[in-house]
Student: 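Structure incoming, see below.
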Amino acid sequence: MNDMENQKDSSATPSDTEETSVKAEELVPEYMKDTTEEQQLEEELTGTVEDTSLVSSDQPTDEEDDDDDLPVVTHVQKFSDKQIKIIQIILGLLSGAVIWLAIGFGSASDNVLLQYLFVIVFAAIMLIRRMLENKWQINTRVFVKFWLISLLICLVIFVIYGVATGAFTKQS
């Protein structure tokens, strides 16, 4: 039995095993391999890309070249996490109060368009919040939480005021 195993081992030459083994680097396509900084710098200086069939997303397109003409801001003041949280709390509370003011002015008015003023204010707040969230890559969860808290507080104030003045019990 050992003779058969030895024959199998001796029949496999080192060149056979080298041909069948494949390096992991050979399986990775060229566009997925990491390039060194020197290679990237050389490509930028010469303006050539090794594989022209695949365009890297890091290379600017003609449309993106137009944006490069914009002035570059070199000094941007960064806010700390605590400052961002405080700003979001204040803006959330103010946004809820503004919506309730719009509801109050709209309900007191005979103008139909003013009655829908709160919808316009609500939509503007939502759009501005989403725009700032995408532009600065910050999470606005604190803003939304305090916005909802402010809406609930104003609702309670509205109900207490209505009950105290008898606005809910008046019959027209």
Side-chain angles (χ1 to χ4, degrees), residues 28-41 43-45 47 49 51 53-172:
V28 177
E30 285 294 321
Y31 67 92
M32 293 182 74
K33 291 182 182 177
D34 291 331
T35 57
T36 63
E37 291 180 40
E38 295 174 3
Q39 291 172 338
Q40 290 176 352
L41 183 60
E43 287 177 5
E44 290 176 7
L45 292 176
V49 180
D51 189 7
S53 64
L54 300 171
V55 177
S56 174
S57 62
D58 295 336
Q59 302 258 340
T61 61
D62 292 335
E63 296 170 358
E64 293 174 348
D65 287 339
D66 296 338
D67 294 338
D68 292 339
D69 298 336
L70 298 174
V72 177
V73 178
T74 56
H75 60 314
V76 177
Q77 182 180 5
K78 301 257 182 187
F79 291 113
S80 68
D81 290 338
K82 187 174 183 178
Q83 289 173 329
I84 290 174
K85 189 174 181 179
I86 291 171
I87 291 170
Q88 287 185 15
I89 290 170
I90 292 169
L91 290 177
L93 293 173
L94 287 176
S95 297
V98 167
I99 288 178
W100 274 102
L101 286 175
I103 289 172
F105 287 134
S107 64
S109 173
D110 291 334
N111 189 349
V112 176
L113 292 177
L114 277 179
Q115 292 176 355
Y116 291 103
L117 179 64
F118 78 95
V119 175
I120 296 168
V121 172
F122 180 81
I125 290 171
M126 292 299 291
L127 290 173
I128 291 170
R129 180 190 67 86
R130 178 62 71 181
M131 181 185 68
L132 293 176
E133 189 176 58
N134 290 336
K135 183 177 179 181
W136 290 331
Q137 300 295 321
I138 58 172
N139 190 355
T140 58
R141 188 175 297 150
V142 175
F143 169 80
V144 173
K145 182 170 63 172
F146 280 91
W147 184 27
L148 292 175
I149 289 171
S150 175
L151 288 173
L152 291 174
I153 290 171
C154 289
L155 176 65
V156 169
I157 292 170
F158 178 73
V159 169
I160 290 172
Y161 177 76
V163 169
T165 60
F168 292 146
T169 58
K170 286 183 184 176
Q171 295 182 6
S172 319

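What you see is a predicted model; the values in this text were computed from it and never measured. Computed from heavy atoms alone, side chains included, the values below leave out hydrogens, waters and symmetry copies.
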Student: Applying side-chain contact (heavy atoms from CB on, under 4.5 Å), can you list everything that pairs with L94, at least two apart in sequence or on another chain?
Tutor: I90
Student: Scan residues 138-155 for pairs that pass side-chain hydrogen bond (donor to acceptor under 3.5 Å, both in side chains), counting only residues two or more places apart or in two chains.
Tutor: R129-T140, E133-T140
Student: Using a 4.5 Å cut-off on heavy atoms from C-beta on, say whether the side chain of L132 contacts that of I138.
Tutor: no
Student: Can you tell me how far the CG atom of L148 sits from the CG atom of L155, to the nearest 0.5 Å?
Tutor: 12.0 Å
Student: Under the side-chain hydrogen bond (donor to acceptor under 3.5 Å, both in side chains) rule, what pairs show up with a residue in residues 157-166, not counting sequence neighbours?
Tutor: none
Student: Output all residues satisfying side-chain contact (heavy atoms from CB on, under 4.5 Å) with L91, sequence neighbours left out; order by chain, then residue number.
Tutor: I87, F143
Student: Sequence neighbours excluded, which residues qualify as side-chain contact (heavy atoms from CB on, under 4.5 Å) partners of V119?
Tutor: Y116
Student: Can you tell me how far the NZ atom of K85 sits from the CZ atom of F146, to the nearest 0.5 Å?
Tutor: 7.0 Å
Student: Under the side-chain contact (heavy atoms from CB on, under 4.5 Å) rule, collect the residues that match up with K82, sequence neighbours excluded.
Tutor: S80, I86
Student: Ignoring hydrogens and angles, write down the donor-acceptor pairs under 3.5 Å from the side chains of residues 99-113, residues two or more places apart or on other chains.
Tutor:
from	atom 1	to	atom 2	distance (Å)
W100	NE1	L151	O	3.1
S107	OG	I103	O	3.1
S107	OG	G104	O	3.1
S109	OG	N111	N	3.0
N111	OD1	L113	N	3.1

